Structure formats: C-alpha cells, structure tokens
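To start, the structure under review is shown below, and the notes come after it.
Treat the numbers as computed from the prediction; the structure is a model and nothing was measured. By convention in this document, chain letters (A, B, ...) are assigned in the order of the sequence lines, proteins followed by strands, and residues within each chain are numbered from 1. Excluded from the calculations below are hydrogen atoms, water molecules and symmetry mates; all remaining heavy atoms, backbone and side chain alike, are included.
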Number of protein chains: 2
Amino acid sequence: MSETLKVDRLDLRILAQLQKNGRMTNVDLADAVGLSPSPCLIRVKRLEQAGYIGGYGAQLRLEKLGDTLTVFTEVTLADHHREDFIRFEAAIRDVDEILECHLVSGGYDYLLKFMTRGVNHYQEVIEGLLERNIGIEKYFSYIVIKSPFIKTHYPIERLFPHQR
Amino acid sequence: MSETLKVDRLDLRILAQLQKNGRMTNVDLADAVGLSPSPCLIRVKRLEQAGYIGGYGAQLRLEKLGDTLTVFTEVTLADHHREDFIRFEAAIRDVDEILECHLVSGGYDYLLKFMTRGVNHYQEVIEGLLERNIGIEKYFSYIVIKSPFIKTHYPIERLFPHQR
DNA sequence: AGTGAAAGCGAGGCCGG
DNA sequence: CCGGCCTCGCTTTCACT
C-alpha cells in the first residue's frame with residue numbers, strides 16, 4: 001500500500017490524465033498515454049496499490065446546492081508541548097465542518113478551513129470547540145467572500161521536471 | 001449546464017456516494033442509493049449536466065512522488081478599485097503553482113495556496129509575481145510544516161439537512 | 001516489459017408498467 | 001418516473017512475443 005517503487009514517465013502521464021478525468025475509460029487512458037489497454041491497466045493498479053492514487057472523487061459544486069460559507073481560521077494554542085498538538089489535532093479531526101488542518105510556521109499555529117451553512121453554523125461549531133477545552137488560546141476568522149478559482153489538478157510535470 | 005433544478009433526497013445520496021468514490025460503477029451506485037441502474041444513470045447524467053458535478057478526478061498523493069512544499073500566502077493590494085481586483089485575479093490565475101485563490105474579509109485581501117517543489121521554487125514564483133507589478137502592496141507567507149488532515153469529501157446531508 | 005485475443009460484465013437506449 | 005431487457009463496448013485475464 002505504501003511502497004516507494006519507481007515511477008517512470010509513462011506513469012506520470014497516467015497520473016496526470018487520471019487527475020484531470022478520473023472516470024476516463026482504460027482504453028481512452030491507454031490511448032492518451034500511448035499504451036495498449038492491458039499494460040495500462042496494470043500500471044494503474046500498481047499506482048493505486050502503491051498509494052500514489054489515494055482515491056477517486058466527484059468534484060461537487062456544493063455552492064450550487066444551497067448556501068455555503070467557507071472560513072479560514074488561524075488558531076494559536078495555549079501551550080506547545082507535543083501532547084498539546086496531538087490533543088488538538090485529535091479533537092478537530094472528527095469535526096465534519098473542518099475540511100483542512102495545516103500546521104504552519106509563523107504568527108500562529110494552525111490554519112483551518114471550514115465549510116458551513118452560514119455564519120450561525122460556523123459560530124456554533126467554533127463555540128463547540130472552545131467549550132471542549134482543547135488548548136485553543138485564541139483564534140481569528142477570515143470569512144471567504146469569493147473564491148476566484150480553486151484548481152483541482154496540478155501539472156505534475158512541473159513538480160518532477162526530470163523524471164526518467 | 002447551470003440550471004437550478006430540484007434535487008431530491010435520492011440525488012443527494014447519489015452525490016454523496018460519487019464524492020466518496022467517483023469510479024464506482026452505475027450498478028453499484030444504484031444499489032447503494034436504492035434504485036435500479038437505468039433511472040440512477042439518468043439522474044447522474046442530469047446532475048452532471050446541471051453542473052452539480054464539476055468533474056471527476058483522481059486524488060494524487062503528490063508528496064509521495066517527491067518533495068513538495070505547501071504555502072499559504074496572505075496578499076494585500078495597494079489599491080482597492082474594482083479594476084485592481086480584476087487585474088490581480090487575472091494575473092495569478094495562470095500561475096500553475098497557485099492552487100487556490102480566496103478573497104477574504106479581514107486583515108488582508110487574498111489568501112493564496114501554493115504548491116511548489118521547495119522554498120527556492122516558491123521564492124521564484126513570488127518574485128515573478130512581484131516583478132509583474134500586479135498591484136501587490138505586501139504579502140506574508142505561512143509555510144505548511146504538516147497537514148494533519150485534508151478531507152476530500154463533505155457530508156452533504158449536513159449542509160442541506162431538510163431537503164425533501 | 002507490451003500485444004492481441006477471448007470471456008465476462010457494465011453502460012446506455014427502448015419498451016412496458 | 002421507475003424497472004427489465006438487450007446490444008454494444010469496455011474491462012480484465014491469459015497465452016504469446
């Protein structure tokens with residue numbers, strides 16, 4: 001599931017294609033990368049098993065379904081021992097409304113990304129967190145007014161320019 | 001492509017399933033939501049055409065392929081006329097290394113999410129932006145040390161609790 | 001390693017309730 | 001609007017190169 005096996009140029013092309021269209025058929029994929037279906041499928045399976053592909057998902061336009069609010073929240077912990085980080089991370093992991101959790105270097109400790117129905121919903125979630133006493137010293141909320149773009153795929157050739 | 005048609009409970013279940021596994025076959029999907037394949041497929045097509053599903057993608061574990069660096073950057077513009085926002089957004093949209101762009105309310109204007117090969121690569125991109133004179137007054141970078149979690153799907157029942 | 005067959009199964013269209 | 005049938009094309013395996 002997580003072996004580091006060698007990934008050649010063909011594999012990178014497969015990954016790039018699947019990133020753009022996770023539902024394309026194996027024959028189309030094979031055609032796009034210049035392979036015949038059988039070995040192409042084998043490579044895809046290998047990449048999945050090796051953990052390079054974490055899964056496949058539909059990209060939903062949640063904002064089309066109803067009102068949503070995205071909020072980025074900067075969190076500073078009261079104490080900074082290893083156990084404080086662990087406790088905090090464990091506590092917020094199960095909060096559905098928190099989509100991302102990043103430990104950052106700089107003026108605060110964590111940057112969280114929330115998705116809620118609106119400010120009331122967000123406030124409820126935040127207050128629930130504070131009541132649970134998980135080591136939050138202070139926090140600051142940045143409400144997203146508009147997201148001009150969110151890209152769903154990355155040109156991986158740029159990350160790994162000279163892969164064999 | 002962007003009609004707002006009614007989405008019932010069955011549609012929500014379909015969306016929830018496809019969000020978790022965008023590659024599941026239509027028969028499995030139909031089974032999971034309690035439908036037979038034909039009407040299920042029709043609903044999926046409708047949801048795609050209506051724009052509720054923006055696309056399907058493989059979730060790549062880029063960090064397994066090589067070194068990557070994620071950076072969140074707060075950007076403040078020098079001026080705040082409509083044209084300043086438009087010019088800035090247009091200029092950064094084509095920068096591959098910028099994955100997300102959010103206009104926020106609060107202490108600064110934009111929160112950007114970068115993905116690069118490392119600090120040198122990040123610095124190159126940032127300097128490239130500054131040289132282009134696109135109205136950046138100042139910026140501050142938060143380097144991501146660790147991302148304890150990034151969730152790829154949201155429990156959409158929570159966003160739309162009382163859908164018919 | 002890749003190619004090309006063959007067999008099994010799902011996608012997608014059509015008809016009947 | 002849903003379920004069942006039917007055909008075509010894709011998936012997946014296997015023997016061969």
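A straight line from CD1 of A:Ile42 to C1' of D:dC14 spans 10 Å, rounded to a whole angstrom. Distance CG (A:Leu29) to P (C:dG2): 13 Å, rounded to an integer number of Å. Distance, B:Leu10 CG to D:dG3 C1': 14 Å, rounded to whole Å.
For the residue pair A:Tyr110/A:Thr76, the side-chain donor-acceptor check at 3.5 Å is not satisfied.
When the side-chain nitrogen and oxygen atoms of A:Arg43 are compared with OP1 and OP2 of C:dA1, none of them lie within a distance under 4.0 Å.
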- Message: Each nucleotide in nucleotides 3-17 of chain C should get exactly one letter: B, S or -. Can you fill that in based on protein heavy atoms under 4.0 Å?
- Response: BB-----SSBB----
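Taking the six-membered ring where the residue is Trp, the centroids of B:Tyr56 and A:Tyr56 are separated by 6.0 Å or more. Checked against a 6.0 Å centroid threshold, the rings of A:Phe140 and A:Tyr142 count as neighbours. Two rings, from A:His102 and B:Phe72, have their centers less than 6.0 Å apart.
The salt bridge (Lys or Arg N to Asp or Glu O under 4.0 Å) test with A:Glu100 singles out one residue from B:Lys113, B:Lys151, B:Lys146, and that residue is B:Lys113.
A donor-acceptor pair under 3.5 Å links the side-chain atoms of B:Lys64 to the main chain of A:Ala50, judged by distance alone.
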